[in-house]
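Every heavy atom of this structure was used, including side-chain atoms; hydrogens, water molecules and symmetry mates were not.
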Amino acid sequence: MGEFVALIDVIPEDIDVNFKELVSKLRSVLIDNAVIENYDIKPVAFGLKKARVRVRYPEEWGGTDKVEELFRQVGGIQGIEGIAFSKA
């Protein structure tokens, strides 16, 4: 089986967030050869920023639902949105 690559936006609850720490927590909940390849910080509004995370994961997971479900285990997140995914 192959792999998929997805872009997922993770919006924290607070404007004062350490994104390096947040992404480290996101990495810690991934399973089955899923990895965060990189991330960018994007503005949202009123000082709030989000992490746009690039995740590589097993093809059998299909869309981004499994990754989003795993990311929801991390506290301090107000929103998670799959932006795009494709076969790696």
Side-chain angles (χ1 to χ4, degrees):
M1 283 249 144
E3 295 179 313
F4 278 176
V5 174
L7 292 177
I8 300 176
D9 282 350
V10 179
I11 304 169
E13 291 177 339
D14 194 358
I15 61 171
D16 295 323
V17 65
N18 179 331
F19 279 99
K20 189 173 183 177
E21 185 177 306
L22 175 63
V23 172
S24 178
K25 289 177 183 177
L26 296 173
R27 282 189 170 109
S28 74
V29 297
L30 290 177
I31 58 171
D32 296 336
N33 301 324
V35 295
I36 292 177
E37 293 185 327
N38 58 45
Y39 68 96
D40 293 315
I41 307 304
K42 306 278 186 185
V44 177
F46 306 108
L48 185 64
K49 296 177 183 175
K50 64 184 174 184
R52 179 158 292 167
V53 182
R54 180 183 163 105
V55 184
R56 182 178 296 264
Y57 60 93
E59 182 178 2
E60 58 266 16
W61 288 10
T64 62
D65 290 345
K66 178 74 173 177
V67 177
E68 292 177 42
E69 175 186 319
L70 292 168
F71 283 177
R72 281 191 193 92
Q73 295 174 22
V74 175
I77 295 174
Q78 73 166 297
I80 299 171
E81 182 180 1
I83 300 300
F85 73 95
S86 66
K87 199 164 179 148

Legend entry - Check against side chain to side chain contact (heavy atoms under 4.5 Å, CB included), W61 and L70: CA-CA 12 Å; W61 288 10; L70 292 168; 3.8 Å; yes

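- Both V29 and V67 are assigned to one and the same hydrophobic cluster, defined by single-linkage of ILVMFWY side chains at heavy-atom distances under 4.5 Å.
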List, one per line, each side-chain donor-acceptor pair under 3.5 Å for residues 33-43, sequence neighbours excluded.
{"from": "E37", "atom 1": "OE1", "to": "R54", "atom 2": "NE", "distance (Å)": "2.5"}
{"from": "E37", "atom 1": "OE1", "to": "R54", "atom 2": "NH2", "distance (Å)": "3.4"}
{"from": "E37", "atom 1": "OE2", "to": "R56", "atom 2": "NE", "distance (Å)": "2.5"}
{"from": "E37", "atom 1": "OE2", "to": "R56", "atom 2": "NH2", "distance (Å)": "3.0"}

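- Each side chain to side chain donor-acceptor pair (under 3.5 Å) pair with one or both residues in residues 44-53, not counting sequence neighbours, appears once here: D9-K50, D9-R52.
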Inset, instruction - Determine, stepwise, if the pair E60 / D32 fulfils side chain to side chain contact (heavy atoms under 4.5 Å, CB included). - result: CA-CA 11 Å; E60 58 266 16; D32 296 336; over 6 Å; no

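- Aromatic ring orientation, F4 versus Y57: perpendicular (interplanar angle above 60°, classes split at 30° and 60°).
- Under a hydrophobic-cluster definition in which Ile, Leu, Val, Met, Phe, Trp and Tyr are linked whenever side-chain heavy atoms come within less than 4.5 Å, directly or via other members, L7 and F71 are assigned to different clusters.
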Could you list the donor-acceptor pairs under 3.5 angstrom formed between side-chain atoms of residues 12-22 and any protein atom two or more places apart in sequence or on another chain?
{"from": "D14", "atom 1": "OD1", "to": "D16", "atom 2": "N", "distance (Å)": "3.4"}
{"from": "N18", "atom 1": "OD1", "to": "K20", "atom 2": "N", "distance (Å)": "3.0"}
{"from": "N18", "atom 1": "OD1", "to": "E21", "atom 2": "N", "distance (Å)": "3.0"}

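- When all heavy atoms of G82 and I8 are compared, the closest pair comes out as CA-CG1, 4.2 Å.
- One hydrophobic cluster, built from ILVMFWY side chains closer than 4.5 Å, cannot hold both I11 and L26; they sit in different ones.
- Both V74 and V10 are members of a single hydrophobic cluster when ILVMFWY side chains are connected at heavy-atom separations under 4.5 Å.
- Closest heavy-atom contact between E68 and E81: OE2-C, 4.4 Å.
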